[in-house]
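Chain identifiers are assigned alphabetically (A, B, ...) following the order of the sequence lines, protein sequences preceding nucleic acid strands; residue numbering begins at 1 within each chain.
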Number of protein chains: 4
Amino acid sequence: MGSQGQEIPAVETKHDEAAIKSHLEELLAAQLPNSAIYNFLLSDAKILAASKGSMTARLTLTRNHINSGGGIHGAASAAIVDWAGGMAIATWDLRRRTGVSVDIHVSYLSSAAEGDEIEITAEADKVGGSLAFTRVVISKVVDGKTGPIIANGTHTKFVKQR
Amino acid sequence: MGSQGQEIPAVETKHDEAAIKSHLEELLAAQLPNSAIYNFLLSDAKILAASKGSMTARLTLTRNHINSGGGIHGAASAAIVDWAGGMAIATWDLRRRTGVSVDIHVSYLSSAAEGDEIEITAEADKVGGSLAFTRVVISKVVDGKTGPIIANGTHTKFVKQR
Amino acid sequence: MGSQGQEIPAVETKHDEAAIKSHLEELLAAQLPNSAIYNFLLSDAKILAASKGSMTARLTLTRNHINSGGGIHGAASAAIVDWAGGMAIATWDLRRRTGVSVDIHVSYLSSAAEGDEIEITAEADKVGGSLAFTRVVISKVVDGKTGPIIANGTHTKFVKQR
Amino acid sequence: MGSQGQEIPAVETKHDEAAIKSHLEELLAAQLPNSAIYNFLLSDAKILAASKGSMTARLTLTRNHINSGGGIHGAASAAIVDWAGGMAIATWDLRRRTGVSVDIHVSYLSSAAEGDEIEITAEADKVGGSLAFTRVVISKVVDGKTGPIIANGTHTKFVKQR
């Protein structure tokens, strides 16, 4: 019985992570028809994993993400940081409303090209009563694994329920 | 003759500002077919004025700029800061290549809706041999005049000619 | 009498700006003994001018502000942005409590040396019920006038009265 | 022989990490007398661990780090992000010169009080020929372990050797 008691939380945790992942998938599906810029950039994003405070997604870069020099557009990376920060907040308690942006900061480390796959990891470090703080890293996927960082950023949102 | 001598620079300055404005208009026209995200967000942008280190543009918000809540999308504002910073650098010496992004920061102060006109002012505070530093303010146009700030940001680019 | 009526607001406005400047001077005097880092860096700061949403101050750089290379220390510039943003908020309604920091961003454009005088301008673009947004520019004073920008930044604070 | 071959890199790696830690300790000792603001804030900092691209340090907060409300001062956290980013760059190749700041961004999540111990982790994500990109997290130490995040930030430096 003791061991069963120990197993139940483990099973619940697995169930929770599946539930969180499903929640993000539903949220993304709901965003795409209602947010033109997300639809333009994120219609092929796949949620790989999610847990409370954390999300990993992948996306293959298309012409929509690329600048005139053939590399990933800084505005696309900023949009991805914007989106991923909100998704990390949504993992917190399966909320659908992830607040309004307070500030976003993105540093640009390296580039990626059309056809490259990128990995997006987002962490919600704090989801408080008024503010939520997130960090996002966009990396290139190389041989199926997380490769060099393309951009990293932070996204802070005002999440107070009015 | 002295007064003529004084007038000539004034005439040249006017000519310069017209030339800078034309340069930005040509640059925007060249960007649109080669940068999908700029084409998605900035195809209706109008350059109002330009001088060395400074640009003012206006844009009427369409569905492409709006989030699911009906307000200007944070990712759209970030893309505008990205674009406008580059344009401010282009005013410096009529250059066409405005470098690659190092970092971008945007603060979100208030919202605007579909159909609202926004004004975008960008200043290049320094265009050095390696780095260029710009500041951008996005405001709502109210009764034809600059109204409340929607977002402000900074955009730093690496501009070294290789 | 009508003209007196018109003059009164003008007199009041002048009085207001003097009152705002006095308020900032008192606030700075109160900060110095209670905030060690402000005391270390800002004990010689002079408020030059203030109005609702705006402050200008000057400061002569001492050894306390300088890095090992002999230039103004990035951490000193960040501290000045932190301080000046709060002062700009204090101009809004002569409040003494200017909130807690949400985020700060500083870009570093050029340097200054021990003995140089710097000018600090801060604008509060919005002081809302929850958040206040400020922008700060630190410039070198050259021949008594505002010279090249040393650093610019933004400072966002949470100002909700609990 | 094969096992010896495998052991040698392991031994070298341990040696390297000790060498990197010593390098940071020497660098800090050299900074303190030449950088007044670091001396004011970091004279008690202890390097806990270091490897290529990564540093962990701890510091007990004194009155010098505290604001008038009794919490860690935002300007102190910004100074720590400034310092730690440079230290992470120094781990890269045991360099002593870590460049000049391009930009710094700090988000403020929670507070800490005089007497609290904080942990500072810094990562250099990229140290290139011109620019180096770092991320810093400041956490509260609770029962000897890494506790809640107080602040996180990014610090980008220009590292080109002239």
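For residues 78-91 of chain A, a heavy-atom distance under 4.5 Å to chain B picks out A:Ala78, A:Ala79, A:Asp82, given by residue number. Heavy-atom neighbours of chain B within the stretch residues 137-150 of chain A, taken at a separation under 4.5 angstrom, are nonexistent.
In terms of heavy-atom pairs under 4.5 angstrom with chain B, the leader among A:Gly74, A:Ala30, A:Ser107 is A:Ser107. In terms of heavy-atom pairs under 4.5 angstrom with chain A, the leader among B:Gln31, B:His155, B:Arg63, B:His65 is B:Arg63. Of the listed residues A:Ile104, A:Asn67, A:Asn34, A:Val102, the one with more heavy-atom pairs under 4.5 angstrom with chain B than any other is A:Ile104.
Under the 4.5 Å side-chain criterion, counting only non-hydrogen atoms from C-beta, A:Leu41 is in contact with B:Ile37. Side-chain contact between A:His73 and B:Ser35 is present, with heavy atoms from C-beta onward closer than 4.5 Å.
With a 4.5 Å cut-off on non-hydrogen atoms, B:Ile66 touches chain A through its backbone but not through its side chain. If you measure heavy-atom distances from B:Leu109 to chain A, you find no contacts under 4.5 Å at all.
Rounding to the nearest 0.5 angstrom, the gap separating the OG atom in B:Ser68 from the CG atom in A:Leu27 is 8.5 Å. One finds the CZ atom of B:Phe40 at 7.5 Å from the CG atom of A:Asn39 (value rounded to the nearest 0.5 Å).
Of the residues listed (A:Asp103, A:Val106, A:Thr154), the one engaging B:His105 in a side chain to side chain contact (heavy atoms under 4.5 Å, CB included) is A:Asp103, and it is the only one.
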